[in-house]
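For ligands, and for the atoms within them, numbers begin at 1 and follow the listed sequence. Remember, it's a predicted structure, so these values are computed and weren't measured experimentally.
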Amino acid sequence: MKIICIGRNYLEHIQELNNAVPDEPVIFIKPDSAVLRNNAPFFIPDFTQDVHYEVEVFVKITKNGKSIPEQFAHNYYDEIGLGIDFTARDKQSELKAKGLPWEKAKGFDHSAVIGKTFLKSELPPQPWKFELQKNRTTVQSGNTAHMIHSIDQVISHVSNYFTLKKGDLIFTGTPSGVGPVKAGDELEGFFEGKSAFKTAVH
Ligand code: MG
């Protein structure tokens with residue numbers, strides 16, 4: 001499986017990092033070695049002094065597809081979940097300044113927290129609300145209505161470049177409020193008010 005991530009998909013987050021609003025989805029990929037499941041702890045890697053949490057809604061692809069038209073995209077996922085796109089912000093800034101790819105900052109081991117998924121059929125229609133708490137204080141709260149590129153647009157766009165396979169995950173971008181973690185922090189994500197993951201930082 002692969003994890004495809006969308007960057008810069010919420011306006012307030014773009015503004016907090018002083019980035020430009022993209023005219024098409026910004027895409028990067030995390031390898032399967034990035035997966036962190038089952039509420040396992042997260043260990044800050046040695047190469048960074050500034051790991052940020054980014055809470056994100058993800059969808060799980062249910063069948064293979066390429067060049068999927070937007071109006072059929074909803075047929076390609078039936079589970080939605082919540083996770084974290086951990087980002088080594090210092091490394092990312094260094095790579096961005098040199099015009100280099102972000103993979104070291106974004107795709108490192110255990111940088112993708114994969115929380116519980118929810119069946120689309122059992123959820124109310126979009127928009128969906130989600131939030132991240134750090135040490136029981138809300139640090140990010142998002143609403144899928146505020147995505148610049150909707151889930152269906154993202155699936156369609158991504159599938160023009162990468163064949164989507166059953167089991168792939170698409171992370172759909174983070175809202176504003178990203179920030180650093182340190183050893184001892186506890187992160188908990190909530191999707192539509194329900195706890196989706198808990199991650200202890202070491
Ligand atoms: Mg992100």
Side-chain angles (χ1 to χ4, degrees), residues 1-37 42 44-45 48 50-61 77 80-96 100-115 117 128-134 138-151 153-155 157-158 161-162 168-181 185 187-191 196-197 199 201:
M1 58 87 85
K2 57 186 173 293
I3 304 168
I4 299 157
C5 302
I6 306 303
R8 305 179 188 172
N9 205 20
Y10 288 83
L11 190 59
E12 288 179 6
H13 171 62
I14 291 171
Q15 290 166 341
E16 74 182 346
L17 294 186
N18 291 316
N19 284 318
V21 177
D23 52 10
E24 59 178 61
V26 174
I27 300 175
F28 58 93
I29 290 193
K30 291 179 190 260
D32 59 4
S33 45
V35 168
L36 188 67
R37 288 188 194 272
F42 172 74
I44 296 173
T48 174
D50 193 26
V51 173
H52 278 200
Y53 52 78
E54 295 190 356
V55 72
E56 308 201 3
V57 170
F58 67 81
V59 296
K60 187 172 172 185
I61 297 299
Y77 72 101
I80 296 97
L82 195 67
I84 296 181
D85 163 21
F86 273 123
T87 303
R89 194 70 71 202
D90 46 358
K91 193 76 194 165
Q92 187 192 29
S93 300
E94 178 191 320
L95 293 166
K96 275 165 75 176
L100 293 171
W102 302 349
E103 265 65 13
K104 289 177 184 172
K106 286 286 200 181
F108 58 86
D109 287 354
H110 302 155
S111 60
V113 173
I114 311 294
T117 59
W128 299 311
K129 293 195 178 88
F130 57 100
E131 69 171 69
L132 181 71
Q133 293 185 3
K134 183 170 94 166
T138 300
V139 287
Q140 288 190 276
S141 49
N143 183 319
T144 58
H146 299 150
M147 287 181 181
I148 295 171
H149 303 284
S150 69
I151 291 175
Q153 287 169 345
V154 161
I155 289 173
H157 184 81
V158 164
Y161 296 85
F162 305 102
D168 287 347
L169 302 177
I170 303 181
F171 275 58
T172 57
T174 196
S176 61
V178 301
V181 292
D185 285 343
L187 300 172
E188 184 169 11
F190 294 87
F191 183 78
F197 62 80
T199 308
V201 178

Please table the atom pairs, donor to acceptor, closer than 3.5 Å between any side-chain atom in residues 168-179 and protein atoms at least two apart or in another chain.
| residue | atom | partner | partner atom | Å |
| --- | --- | --- | --- | --- |
| Asp168 | OD1 | Lys2 | N | 3.0 |
| Asp168 | OD2 | Lys2 | NZ | 2.6 |
| Asp168 | OD2 | Lys165 | N | 2.8 |
| Thr172 | OG1 | Val57 | O | 2.7 |
| Thr174 | OG1 | Val55 | N | 3.3 |
| Thr174 | OG1 | Val55 | O | 2.8 |
| Thr174 | OG1 | Gln140 | NE2 | 2.9 |
| Ser176 | OG | Glu12 | OE1 | 3.4 |

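Between Phe86 and Phe42, the ring planes are parallel. Angles under 30° get that label, and only those over 60° would be called perpendicular.
At distances below 3.5 Å, at least one donor-acceptor pair connects side-chain atoms of Thr144 with backbone N or O atoms of Trp128. Side chain of Thr87 to backbone of Asp85: a donor-acceptor contact under 3.5 angstrom is found.
Under the rule for a salt bridge (Lys or Arg N to Asp or Glu O under 4.0 Å), the partners of Glu54 that lie at least two apart in sequence or sit in another chain are Arg89, Lys106. Not a single salt bridge (Lys or Arg N to Asp or Glu O under 4.0 Å) links Arg8 to another residue, sequence neighbours left out.
Annotation: protein N, O or S atoms under 2.8 Å of the Mg ion (ligand 1) (waters excluded) comprise Glu54 OE1, Glu56 OE2, Asp85 OD2.
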